[in-house]
Each structure stands twice: as structure tokens, then as C-alpha cells.
Amino acid sequence: MKLVKTLASALLASVALATTSMACEMTLKSSDTHPDGYPTVEAVKHMGKLLEERTNGRICVEVFHSAQLGQEKDTIEQTKFGVIDLNRVSMGPFNNLVEETKVVSLPYVFKGVDHMHTVMDGPIGADILKAFEPHGYVGLAFYDGGSRSFYNKVKPIKSIDDLAGMKVRVMQSDIFVDMMSALGANATPMPYGEVYSSIQTGVIDGAENNWPSYESSGHFEVAGYYTLDEHLIVPEVLVMSKASWDKLSAEDQAAVRQAAKDSVPVMRDLWKAREKASEEKVRAAGVEVVTDIDKEPFMAAMDSVYEKHVTSDKLKDLVARIRATD
């Protein structure tokens, strides 16, 4: 049955792509696990509109949202080989592939969202985007991923002690697994699409994510306690397959890069509005939101995570540069 559904999805995607391609010389296939209307999905659509306008209709972008082309781990592999041209991906799944992405995935490395924007829009962000290329990807832009906080179905988390023994889903990243271990919880890496049913059936107690993802996924329906500890402010990345990139002329490469860059402020405006709307919906549903929490013990517990993962001079330098950025 799963195979039939997968083949059906692939067929529908191919039909949609073929229809779009009739009007364009080149249609870039883009993947996102988030649903239609989500800020990252709409940002890539906006990029596509800009690209179509600026190339006089020669290059278009077709966005396949809602994990139509697979979960992030699968689409990352497909992107490397050019099966997928563009991919909006969370940073975590890249941690074991692109070393530099580990730094921006570290707990509490950013002072806040504004600080993250300053860092990622500057030379540090540019260096991290360049780091994707040796691995078969071209880094184009960073999108917001919000502040990630804990949610669960068992009890409100008001202190680090409340996490002890709790089974918490994390992205498939060693940093996130070690973060949970340092907090006394049991990390359970699994694809995003499996979280709802896993909480519902008790395979896990909860997970961690931002307001829009917590709301749009429906996770608030099965995990009614949300704690604003904001342990992670991890930007998301838009990458292009190096194989697809190399087929473009220098002029078209510049157009793609500029369109991606110009989609960032659009994404951020959409993100702010979506965060507010998601928070209002979650609170209206009766979720217990914990805001009065001492973050210091959480931050202190992260020393072991930094010691384990920030080992090379390259990564130590990146952390130092981030902390020195105002």
C-alpha cells in the first residue's frame, strides 16, 4: 500500500511538472515538507515568480509541498543527484554532511532572532552557504525556522528536571540527540511526518519545534503542553543541486541566486504573521503554554554538547565569530 501511494504521488508530481514545463524552457523542481501556504513554501513560490519574470518566462519553479517528493533525508539525497533541483531543508539533517551547519544548530548559540538574522545575512552566513558546494549542493539562502521549544502529552515542563526520562523526538542529527541526553531525556530521531501518530500512540512523549510547525502539523492536538524554553534558533536553508546548477549559464545562475536572496525578506514577513496566527490558534485550543521558565540550567547543561561537537579550529572560529557579532 505504501509503495502504491508513493508511485501515485510520483505520477501526480510528474503530470503537474509536465503541465508547467509546457510554458517554460526549464522548470526547476523544488521540494518542501511543509504544507501549502507555509512561509517557506510561499517564499520559494515567490522566488519562482521573480525568476520567471527576470528570464522572460524561460525558467520556472514548481514547488512540491507537503513532502510530496519525500521526507527531508530522502529529498537531500535526490537533490544531490539532480532528481530534485531545489530543496528547502531544515539544518539538522545536514549536520553530519556539511560540518559548518553544526554551529548554527547548537543550542543557545544565538542571542535571539535579530542576532541570527545579522549573522546569517553577513559574511558568516556567506561562508556557510559556500560550504555546501563540495558536497554536491549550492547554498542559496537562509530562511527562518523560528525558536524551537518543547511540547509533550504528559505534563508541563517547568524545569530541566521535568524532562528526565521523557521520550522526545528530534531531527536526525547527532547534536540534537546529544542535546536531549544532556537534558536527561531520551532522544528519539524520526522523520517529521511520523511525529503525530507516534505521540498519539505513545511511541514518544513529545517533540520540539516552533509555533507554526507545532500548529500546522496538528501536534498541539495530541501534545497539549508547550514550554517556551527556546533552546534552538536554527535557520533553514534553500539549496540547489550542484548537478542542476552546472547546467545553467553564468547569467542564469546569477538570476537564480538573486531571486533566492530576494525571497528572504518576503519569507520573514510571512513568518512573523504566521507565528502570531499559530500562537493564537494554539492558545485558543486550550494548550497549556509555560512561559515562566529559568533557562540558565538548560544553557549550563549544553557545555558537554559544545565540547563534543565544536572540536575543529574551523568550528571554534565560527562560534567565536557568532558570539562576537552584535
Side-chain angles (χ1 to χ4, degrees), residues 29-35 38-41 43-44 63-107 109 116 120 125 128-148 168-181 187-196 198 204 207-210 212-214 216-217 219 231-244 260 305 308-310 315 318:
K29 184 163 59 174
S30 185
S31 177
D32 199 315
T33 55
H34 290 306
Y38 198 85
T40 55
V41 173
V44 178
V63 181
F64 294 93
H65 53 78
S66 308
Q68 293 177 70
L69 303 181
Q71 295 298 327
E72 288 187 344
K73 185 176 182 297
D74 300 321
T75 61
I76 285 174
E77 294 177 1
Q78 294 179 63
T79 303
K80 181 171 184 176
F81 296 107
V83 178
I84 294 173
D85 303 299
L86 294 164
N87 202 352
R88 191 291 312 161
V89 194
S90 304
M91 204 69 79
F94 269 120
N95 286 172
N96 295 331
L97 181 64
V98 183
E99 183 184 23
E100 289 82 353
T101 65
K102 288 183 179 181
V103 171
V104 295
S105 302
L106 289 166
V109 72
M116 184 271 287
M120 305 315 290
I128 295 173
L129 286 178
K130 289 177 185 175
F132 282 87
E133 196 156 334
H135 303 280
Y137 310 90
V138 176
L140 296 176
F142 292 110
Y143 289 156
D144 281 20
S147 300
R148 299 176 74 96
V168 181
R169 178 267 177 179
V170 294
M171 284 189 282
Q172 291 154 306
S173 162
D174 292 343
I175 287 179
F176 295 169
V177 170
D178 292 335
M179 174 186 74
M180 295 313 306
S181 296
T188 307
M190 69 170 58
Y192 184 63
E194 297 177 13
V195 176
Y196 187 102
S198 295
I204 56 175
E208 49 84 50
N209 221 314
N210 52 56
S213 293
Y214 178 50
S216 67
S217 62
H219 294 175
H231 50 273
L232 292 168
I233 302 176
V234 185
E236 303 192 345
V237 66
L238 176 64
V239 299
M240 185 168 183
S241 166
K242 182 70 164 52
S244 301
V305 178
K308 180 176 179 179
H309 293 281
V310 186
L315 297 190
L318 275 173

| query | Are a donor atom and an acceptor atom from the side chains of Tyr38 and Ser66 found within less than 3.5 Å of each other? | reply | no
| said: Pairing donors with acceptors under 3.5 angstrom, does anything connect the side chains of Asp178 and His309? | reply: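 Note: Asp178 and His309 side chains meet the donor-acceptor criterion.
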| said: Between Ser198 and Met190, does the side-chain contact (heavy atoms from CB on, under 4.5 Å) criterion hold? Intermediate values first, please. | reply: CA-CA 10 Å; Ser198 295; Met190 69 170 58; 3.5 Å; yes
| Closest non-hydrogen atom pair between Ser217 and Tyr196, with its separation | O-CD1, 3.7 Å
| field | Where Leu140 and Ala260 come nearest, the two heavy atoms and their spacing | value |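 So the two residues come closest at CB-CB, 3.8 Å.
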Side chain to side chain contact (heavy atoms under 4.5 Å, CB included) partner of [X], chosen from [options]:
{"X": "Met171", "options": "Ser105, Ser90, Pro189, Pro191", "result": "Ser90"}
{"X": "Asn87", "options": "Leu69, Leu238, Thr79, Thr33", "result": "Thr79"}
{"X": "Ser30", "options": "Asp85, Val44, Thr75, Val41", "result": "Val44"}

From [X] [atom1] over to [Y] [atom2], what is the distance, rounded to the nearest 0.5 angstrom?
{"X": "Asn210", "Y": "Asp144", "atom1": "CG", "atom2": "CG", "answer": "9.5 Å"}
{"X": "Ile76", "Y": "Gln172", "atom1": "CD1", "atom2": "CD", "answer": "9.0 Å"}
{"X": "Ser241", "Y": "Lys29", "atom1": "OG", "atom2": "NZ", "answer": "11.0 Å"}
{"X": "Ile233", "Y": "Arg148", "atom1": "CD1", "atom2": "CZ", "answer": "12.0 Å"}
{"X": "Lys308", "Y": "Met179", "atom1": "NZ", "atom2": "CE", "answer": "13.5 Å"}

Would you say that [X] contacts [Y] through its side chain, given a criterion of any heavy-atom pair below 4.5 Å between the two side chains?
{"X": "Ile128", "Y": "Val103", "value": "no"}
{"X": "Ile84", "Y": "Phe64", "value": "no"}
{"X": "Phe176", "Y": "Leu232", "value": "yes"}
{"X": "Ser173", "Y": "Lys102", "value": "no"}
{"X": "Met116", "Y": "Phe142", "value": "no"}
{"X": "Phe132", "Y": "Thr101", "value": "yes"}

| request: Please test Lys242 against Tyr137 for side-chain contact (heavy atoms from CB on, under 4.5 Å), starting from the C-alpha separation and ending with a verdict. | output: CA-CA 5 Å; Lys242 182 70 164 52; Tyr137 310 90; 5.9 Å; no
| Hey, is the main chain of Lys130 close enough, under 3.5 Å, to the side chain of Glu133 for a donor-acceptor pair? | no
| request: Mind running side-chain contact (heavy atoms from CB on, under 4.5 Å) on Asp174 and Asn95 for me, showing each step along the way? | output: CA-CA 8 Å; Asp174 292 343; Asn95 286 172; over 6 Å; no
| Geometric class of the His34/Tyr192 ring pair [parallel <30°, tilted 30-60°, perpendicular >60°] |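 Plane angle over 60°, so perpendicular.
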